[in-house]
There are 2 protein chains.
Amino acid sequence: MTKPRINTMGELSVAIGVSRPTLSRFFQDPNRVKAATVKRIEAGLERVEYVPNFFATRLNRKSTGIIGVIIPYLNDLFFTKLLEQIEKAAMTAGYTVISQCSHSDPAIEARAARTFMSMSVDGALVAPLGNQSDTVVHERLRTRLPFVLVDSRPKTMPNVEYVGTDHDQSTGLIIDYLCRVGAPPVFLAMPRVNFNAVQHENAYCARMQSLGFEPKVIGTESVNDQGHYEAHGEAVLDGYFSRGVFTDRSILCANDRVGIGALRAAARHGLVPGRSRRGGLRIAGHDDYPLCPFTTPALTTVAQDFEAIGNAAVSRLVEIINGAVTDPTNPQVQLFDGVLKLRESA
Amino acid sequence: MTKPRINTMGELSVAIGVSRPTLSRFFQDPNRVKAATVKRIEAGLERVEYVPNFFATRLNRKSTGIIGVIIPYLNDLFFTKLLEQIEKAAMTAGYTVISQCSHSDPAIEARAARTFMSMSVDGALVAPLGNQSDTVVHERLRTRLPFVLVDSRPKTMPNVEYVGTDHDQSTGLIIDYLCRVGAPPVFLAMPRVNFNAVQHENAYCARMQSLGFEPKVIGTESVNDQGHYEAHGEAVLDGYFSRGVFTDRSILCANDRVGIGALRAAARHGLVPGRSRRGGLRIAGHDDYPLCPFTTPALTTVAQDFEAIGNAAVSRLVEIINGAVTDPTNPQVQLFDGVLKLRESA
DNA sequence: ACGTCAGTTTTACACGTGTAAAAGGGAGGA
DNA sequence: TCCTCCCTTTTACACGTGTAAAACTGACGT
């Protein structure tokens with residue numbers, strides 16, 4: 001019933017009467033072997049069970065065919081969607097993806113980087129942890145192998161290839177909309193755990209000033225557990241609403257998860273944000289978190305183009321792997337536009 | 001500035017004057033080397049940059065120290081939380097986790113399984129895709145290496161070790177509550193993509209009958225894109241609510257993501273589910289999806305014990321890796337109780 | 001001075017495959 | 001029949017480390 005198990009290519013070669021190097025070539029690319037031989041090998045593989053040893057194949061190749069990916073959190077659909085897209089793009093490009101999660105811990109992030117170096121991955125795609133990331137680790141990664149940063153870029157490493165969203169554009173888009181339809185927005189920030197947080201904040205302030213409005217940022221003071229954005233948004237706004245503050249303002253949230261918390265705070269205080277209510281409370285987010293269409297009211301936001309970012313990151317990395325020259329003093333930066341998603345909350 | 005890079009243990013051994021086998025032992029466990037020598041090695045490592053080659057170390061070890069984990073979806077916080085817990089537990093136990101996602105595709109799931117076999121992982125933890133999973137692949141995995149199923153267990157493989165939630169208990173818990181406080185619930189199912197879906201449904205029917213009520217299951221008919229549970233829940237209930245049906249009933253959703261869609265459908269029809277409204281609409285879910293506290297109204301649900309499940313799965317797998325005997329005719333099954341989370345929606 | 005012993009080095013081989021160069025084999029054309 | 005050419009096989013070596021057994025080293029106690 002169960003096929004006989006064969007462990008090495010050598011045994012396999014005697015079992016089906018083809019030389020071992022021919023098998024080696026077959027498993028790397030069947031086109032490098034005569035069609036008739038391919039048939040014979042495939043027929044042989046029907047009769048026995050054999051999988052080439054992953055480590056042995058990688059040990060002595062010039063290219064491992066592996067792309068390493070590091071994401072900061074696993075409990076955030078933003079990053080899992082990004083990872084999903086990256087995995088699909090990499091698979092299409094013929095690469096195997098090994099993904100690691102930093103779990104909010106710089107030590108784990110550093111360990112993952114070391115693992116990638118020790119695996120001689122062909123390249124690495126990293127969504128950094130944020131302020132606490134060990135810059136030295138990233139720097140070592142950059143100098144040793146093809147390396148592209150995704151989603152957020154530390155100011156401390158301006159010499160790295162980068163793919164992400166144009167936050168000036170995307171934040172500007174939603175601010176313009178909010179200002180056009182009603183009062184200029186307050187910015188509900190998130191704890192400054194990563195560079196996007198600061199970048200968002202800065203983009204908001206710049207745009208407000210260029211429009212001639214006074215920027216107003218709230219929510220930076222709260223020291224929250226990492227990653228609990230919803231709780232943060234709710235707690236901050238609950239505080240203001242309790243004092244009757246901002247109950248009739250536009251509130252732009254740093255991201256949708258903060259926005260979901262904001263919606264919750266509004267509901268708790270009997271407030272219903274929405275663009276239909278003139279002069280009333282309006283709440284908007286950023287990212288187009290997958291759950292936005294299902295909140296009550298549905299959250300108006302700016303969509304990041306996960307798909308484009310994932311694809312661009314992979315294809316740029318593959319370019320570099322294939323020998324594209326990168327200039328550390330002038331790295332390629334690809335920024336994608338956000339798209340306004342008008343729903344109910346603003 | 002940058003330390004000289006050393007690629008092999010051999011070079012390292014001449015660089016710091018310690019024999020290569022001693023270095024080998026050092027990198028596996030410093031305790032196997034004299035303290036004075038450890039100091040000398042560590043001092044040497046300060047001066048040069050060296051990481052042992054991942055593949056070479058794994059190639060010839062009796063144990064690779066790797067646990068392979070397969071989860072079905074990445075865009076579902078349920079599975080990412082589970083994976084997070086598994087990774088932490090495995091790390092504590094001294095194992096490296098390689099995780100792969102099936103992306104709703106049995107072919108990818110099978111490929112991941114093959115990868116694990118070719119990596120000679122010490123053991124595998126699998127949350128199966130569901131009905132479409134290739135049972136043959138799982139069976140081959142089971143016979144070749146320590147193997148524990150998590151979250152959902154195909155009826156077609158009753159001979160596998162399993163860790164999950166006791167759905168009879170958890171579903172019973174919420175049904176009892178709903179019946180105690182109001183009318184017996186209708187069950188809003190999800191498309192039957194995995195075994196838990198069916199299991200939930202069966203648990204619901206059994207409990208209802210034992211309580212003397214007529215079970216009523218809706219939502220199985222809809223053929224939805226996989227993984228879009230919220231949209232499914234919303235679409236199904238929107239259909240009923242449009243016809244004025246079930247607007248005053250208790251609705252038990254197969255999981256919280258379906259429940260979030262259900263809440264959305266209610267809001268769209270101006271309905272506010274909640275336990276405070278006597279005889280009115282009530283909506284409950286299952287799992288304790290992280291966003292439940294932040295929906296409007298907050299979703300009442302039954303919490304699965306992610307942490308316990310993740311820990312138990314890892315520690316059981318490690319037991320088997322360390323030689324615990326498993327009896328295929330009587331595999332160990334660990335079921336954890338759900339905990340009622342009373343919030344606002346029911 | 002001798003034996004003992006623990007820690008270390010040496011030696012030798014193994015892991016399973018990649019790869020390059022040389023040698024072999026069969027089909028086709030002259 | 002012979003030559004040519006394309007595949008394939010053979011041969012030989014390489015990848016970087018694990019591991020077991022034997023030989024070695026130095027400190028210690030008698």
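Scope of the values below: all heavy atoms of this structure, side chains included, with no hydrogens, waters or symmetry mates. Below, chains carry the letters A, B, ... as their sequence lines are ordered, and counting in each starts from 1.
Looking at every heavy atom in both residues, B:A124 comes nearest to B:F116 through CB-CD1, 4.5 Å. For the residue pair A:A15 and A:R47, the shortest heavy atom distance occurs at O-NH2, 4.0 Å.
Taking atom CZ of B:F27 as the reference point, atom C1' of D:dT19 lies 17 Å away to the nearest angstrom. When rounded to the nearest whole Å, the span between CG of B:N60 and P of D:dT19 equals 7 Å. The CG atom of B:L59 sits 8 Å away from the C1' atom of C:dT17 (whole-angstrom rounding). The distance between atom CZ of B:R58 and atom C1' of C:dG16, rounded to the nearest whole Å, is 17 Å. Atom CZ in B:R61 sits about 8 Å away from atom C1' in D:dG18, given to the nearest Å. Counting to the nearest Å, the C1' atom of D:dT17 and the CZ atom of B:F26 are 16 Å from each other. Distance CE (A:M9) to C1' (D:dT10): 17 Å, rounded to an integer number of Å. The distance from atom CZ of B:F54 to atom P of D:dG18 is 12 Å, rounded to the nearest whole Å.
Within the 4.0 Å cut-off from OP1 or OP2 of C:dT17, not a single side-chain nitrogen or oxygen of A:Q28 is found. Applying the 4.0 Å criterion to OP1 and OP2 of D:dG16, one finds that B:Y50 has every side-chain N and O outside that range.
Cation-pi check for B:R153 over B:Y162 is met; the charged atom lies under 6.0 angstrom from the ring centroid and within 45 degrees of its normal.
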What pairs of donor and acceptor atoms, side-chain ones from residues 52-60 of chain B against any protein atom, are under 3.5 angstrom apart with sequence neighbours left out?
{"unit_1": "B:N53", "atom_1": "OD1", "unit_2": "B:F55", "atom_2": "N", "d": "2.8"}
{"unit_1": "B:N53", "atom_1": "OD1", "unit_2": "B:A56", "atom_2": "N", "d": "2.8"}
{"unit_1": "B:T57", "atom_1": "OG1", "unit_2": "B:N53", "atom_2": "O", "d": "3.2"}
{"unit_1": "B:T57", "atom_1": "OG1", "unit_2": "B:F54", "atom_2": "O", "d": "2.7"}
{"unit_1": "B:R58", "atom_1": "NE", "unit_2": "B:T64", "atom_2": "O", "d": "3.1"}

Can you tabulate the close N/O pairs, meaning under 3.5 Å, that link protein atoms to atoms of nucleotides 5-8 of chain C?
{"unit_1": "C:dT8", "atom_1": "OP1", "unit_2": "B:K34", "atom_2": "N", "d": "2.8"}
{"unit_1": "C:dT8", "atom_1": "OP1", "unit_2": "B:T37", "atom_2": "OG1", "d": "2.8"}
{"unit_1": "C:dT8", "atom_1": "OP2", "unit_2": "B:K34", "atom_2": "N", "d": "2.8"}

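Annotation: side-chain contact (heavy atoms from CB on, under 4.5 Å) contacts of B:P331 (sequence neighbours excluded): B:E161.
Using a 4.0 Å heavy-atom cutoff across all strands shown, B:P52 reaches sugar-phosphate atoms only and no base atom. Heavy atoms of B:S24 sit under 4.0 angstrom from at least one base atom.
Taking CD of A:E109 as the start and CD1 of A:I71 as the end, the distance is 11.5 Å to the nearest 0.5 Å.
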Working for salt bridge (charged side-chain N to carboxylate O under 4.0 Å, His left out), residues A:E139 and A:R142: CA-CA 5 Å; A:E139 187 59 20; A:R142 184 183 69 76; 2.5 Å; yes
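With distances taken from any side-chain atom of A:N53 to the nucleotides C:dT17, D:dG18, D:dT19, the minimum falls on C:dT17. The listed nucleotides are D:dT10, D:dT19, C:dG16; the one nearest the side chain of B:R20 is D:dT19.
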